[in-house]
Protein chains: 2
Amino acid sequence: MPIIKKTYKDQVVAYVYQLLLDGTLNAGEQIKESHLAEEMGISRAPIREALKELIMNGLVEYRPQVGNFIANMSPKQTIDSYTTRGVLEGFAVMQTYNQFSAEELKKLGNLVSQMEAYATQKNNRMLTNTGGEFHDLLISKSNNVQLLEYTDRLSLKLHTLFNRHWGRLYNSSEIARRHMAIVGSLKQGDPVLIEQVIREHYTETGTKIAELQTANSDHH
Amino acid sequence: MPIIKKTYKDQVVAYVYQLLLDGTLNAGEQIKESHLAEEMGISRAPIREALKELIMNGLVEYRPQVGNFIANMSPKQTIDSYTTRGVLEGFAVMQTYNQFSAEELKKLGNLVSQMEAYATQKNNRMLTNTGGEFHDLLISKSNNVQLLEYTDRLSLKLHTLFNRHWGRLYNSSEIARRHMAIVGSLKQGDPVLIEQVIREHYTETGTKIAELQTANSDHH
DNA sequence: CAAATGACGATTGTCGACAATCGATCATCT
DNA sequence: AGATGATCGATTGTCGACAATCGTCATTTG
């Protein structure tokens with residue numbers, strides 16, 4: 001995915017993704033091709049292509065002959081997606097654990113501190129960004145293009161989930177603890193432990209968000 | 001993905017996928033939207049949608065403003081894809097290892113025997129099918145929809161790779177040995193071993209096919 | 001002669017219009 | 001009243017035509 005968005009399709013993808021993170025578009029809402037087309041001043045063709053991409057990344061749910069809807073993720077699906085990300089990232093980092101310099105380990109620690117600060121400030125946007133930077137640095141040593149493709153795609157889905165539900169919690173000490181455990185295992189240099197810790201991190205986070213989802217849907 | 005293909009798009013996907021397995025379309029060849037459209041008697045719109053899906057599954061390579069080409073997988077990419085599949089499948093089976101009945105374990109063993117037979121007969125098509133059945137049964141216990149989605153998509157890519165290159169080898173005893181190791185670890189009931197064995201199976205197979213690729217490209 | 005430049009052909013990118021299909025509404029029948 | 005079936009509006013599915021862009025190759029230029 002290029003930085004420079006040449007085609008309309010890429011601009012539409014970025015636009016809709018932004019609406020998702022903003023909360024302008026809520027889960028379950030329908031996205032009408034014609035509306036989006038008119039709104040952006042282009043035809044339906046590039047809109048459809050963009051939606052196809054969002055569908056493949058799990059952000060949009062598609063019902064044939066009916067319409068496209070903002071994906072309404074079930075708690076179970078949330079756990080599944082987080083778990084899968086943990087499996088992939090755990091493997092990637094396990095394979096490359098000895099390629100991290102002292103500087104990079106320090107950088108990871110700093111990022112965790114920043115996340116903790118943003119969490120206490122309830123700065124959702126920066127918390128998400130910093131968290132993304134943390135995990136990006138973790139898997140940056142892997143050169144498995146297939147694995148990186150999947151982790152990238154999952155990031156989009158997980159970010160929207162995180163943004164949508166985590167804002168109601170912000171347990172900053174918990175965030176710091178979870179992430180420091182990863183950095184700690186890296187410093188220890190035990191590949192088996194590293195993989196295990198990363199997997200646990202994601203299953204725990206996924207479970208937590210799933211709980212927020214059910215809690216949210218309950219008092220409706 | 002429904003069995004009944006209602007839209008043209010799904011028919012196009014199936015059609016092109018068939019051409020890929022047949023060997024009618026070879027790696028690197030260009031797929032011209034207009035040609036396919038005329039060939040199938042439909043317009044370019046559904047063709048483009050189908051290509052988008054094949055692109056997302058890694059079967060077609062897309063160069064903007066230039067064209068769509070049958071994905072020309074490098075040996076490195078082959079290894080990466082097989083490795084990733086091993087990571088996902090290994091985790092899925094590790095999590096569900098104690099859900100296999102004695103019958104199912106026997107079925108797995110039978111499938112291996114069949115694969116061995118098809119390999120000696122050099123029946124590429126049935127070997128691929130039976131192998132697919134074997135691995136489908138292995139991951140069938142997992143209910144992680146995200147993980148299953150990725151393994152499904154990877155299957156398409158790996159099948160084309162397998163078909164394209166494995167036909168020149170057919171080491172039936174090796175095939176049997178690799179797959180029996182998986183069944184054996186399952187019978188042993190050691191989750192850690194199971195995950196390890198499945199990962200090794202895929203890295204070995206991927207490496208082998210990558211070697212065939214380089215050998216093939218060398219004497220050109 | 002090498003490298004930059006320009007025009008050309010082929011293919012994808014986008015468009016607006018029409019057809020097909022689905023879900024909801026309402027009338028009808030039992 | 002409840003179930004059933006037809007009708008209608010809205011949205012996606014498909015189409016053919018045109019525009020934009022890229023790679024190629026002949027041409028120019030130093």
Side chain of [X] only, please: which of [options] is the nearest?
{"X": "A:Thr7", "options": "C:dG23, C:dT12, C:dG13", "result": "C:dG13"}
{"X": "A:Val66", "options": "C:dT12, D:dG13, C:dC22", "result": "C:dC22"}
{"X": "A:Gln65", "options": "D:dC15, C:dT12, C:dC22", "result": "C:dC22"}
{"X": "B:Gln30", "options": "C:dT11, C:dT14, D:dT21", "result": "C:dT11"}

For [X] and [Y], which I'm curious about, is there any donor-acceptor pair between the side chains at under 3.5 Å?
{"X": "A:Thr151", "Y": "A:Glu89", "value": "no"}
{"X": "B:Tyr82", "Y": "B:His201", "value": "no"}
{"X": "A:Asp10", "Y": "A:Thr7", "value": "yes"}
{"X": "A:Asp22", "Y": "A:Gln18", "value": "yes"}

Length of the [atom1]-[atom2] vector between [X] and [N], whole Å:
{"X": "A:Glu33", "N": "C:dC15", "atom1": "CD", "atom2": "P", "result": "14 Å"}
{"X": "B:Leu36", "N": "C:dT12", "atom1": "CG", "atom2": "P", "result": "10 Å"}
{"X": "B:Asn68", "N": "D:dC22", "atom1": "CG", "atom2": "P", "result": "15 Å"}
{"X": "B:Leu51", "N": "C:dG13", "atom1": "CG", "atom2": "P", "result": "10 Å"}
{"X": "A:Glu38", "N": "D:dT11", "atom1": "CD", "atom2": "P", "result": "12 Å"}
{"X": "A:Ile42", "N": "D:dA20", "atom1": "CD1", "atom2": "C1'", "result": "15 Å"}
{"X": "B:Lys9", "N": "D:dT12", "atom1": "NZ", "atom2": "C1'", "result": "13 Å"}
{"X": "A:Arg48", "N": "C:dG16", "atom1": "CZ", "atom2": "P", "result": "16 Å"}

side-chain N/O [X] vs [N] OP1/OP2, d < 4.0 Å:
{"X": "A:Ser43", "N": "C:dT14", "answer": "no"}
{"X": "A:Tyr62", "N": "D:dG13", "answer": "yes"}
{"X": "B:Arg44", "N": "D:dT14", "answer": "no"}

Ion pair A:Glu195/B:Arg199, N-O distance below 4.0 Å: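 A salt bridge is present here (some side-chain N lies under 4.0 Å from a carboxylate O).
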Sugar-phosphate, base or nothing in reach of A:Ile47, heavy atoms under 4.0 Å: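 The residue A:Ile47 makes no contact with any strand.
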